[in-house]
Amino acid sequence: MKHIPLRTCVACRAVRAKRELIRIVRTPEGRICVDSTGKMNGRGAYLCRKRRCWQSAIGDSPRQFARSRLIAALHAVPDEEAWSTLHAYAQQLSDEVETNLEPHYTGVKGA
Ligand SMILES: [Zn+2]
């Protein structure tokens, strides 16, 4: 059987195939961004493609963001712009997520 890399969502602690999660990265310059390629340099943290997980990981405001799990996971310095970017990203996700772990599943459209 083929080895599937697994990662843990920092919000709900679910363990999923890496490609089913979205990677957030803190770049070497200290910026926080959504890593749609999964290949950016820097410290990464993973979230499900669920709005609920994003909300719970980043909080409802920049102030909550400062004490959020995502910031803790990334050892990042929070800023309002990063929160806005992540918050906007979360708005286009839904709470439904397909959990298709079959080996032939080739992933993710768009991103
Ligand atoms: Zn999750």
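Here the structure is a predicted model, which is why all the values come from computation and not from measurement. Read the numbers this way: they start at 1 and go in the same order the structure lists the ligands and their atoms.
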Practice task
Using 2.8 Å as the cut-off, count the protein N, O or S atoms closer than that to the Zn ion (ligand 1).
Solution key: 4

Handout entry: Contact check, side chains of C33 and I24, non-hydrogen atoms, under 4.5 Å
Key = no

Practice task
Determine, stepwise, if the pair L70 / W54 fulfils side-chain contact (heavy atoms from CB on, under 4.5 Å).
Solution key: CA-CA 9 Å; L70 186 66; W54 284 62; over 6 Å; no

Problem - Qualifying residues under salt bridge (charged side-chain N to carboxylate O under 4.0 Å, His left out), relative to R52, sequence neighbours excluded - result: D95

Sequence neighbours left out, cut at 3.5 Å: what donor-acceptor pairs do the side chains of residues 81-88 make with other protein atoms?
{"from": "W83", "atom 1": "NE1", "to": "G59", "atom 2": "O", "distance (Å)": "3.3"}
{"from": "S84", "atom 1": "OG", "to": "E80", "atom 2": "O", "distance (Å)": "3.0"}
{"from": "T85", "atom 1": "OG1", "to": "E81", "atom 2": "O", "distance (Å)": "2.9"}
{"from": "H87", "atom 1": "NE2", "to": "Q91", "atom 2": "NE2", "distance (Å)": "3.4"}

Completion exercise
side-chain contact (heavy atoms from CB on, under 4.5 Å) filter on A11, not counting sequence neighbours, yields C9, L47, C53, S56, A57

Handout entry: Whether R43 side chain and A73 backbone form a donor-acceptor pair below 3.5 Å
Key = yes

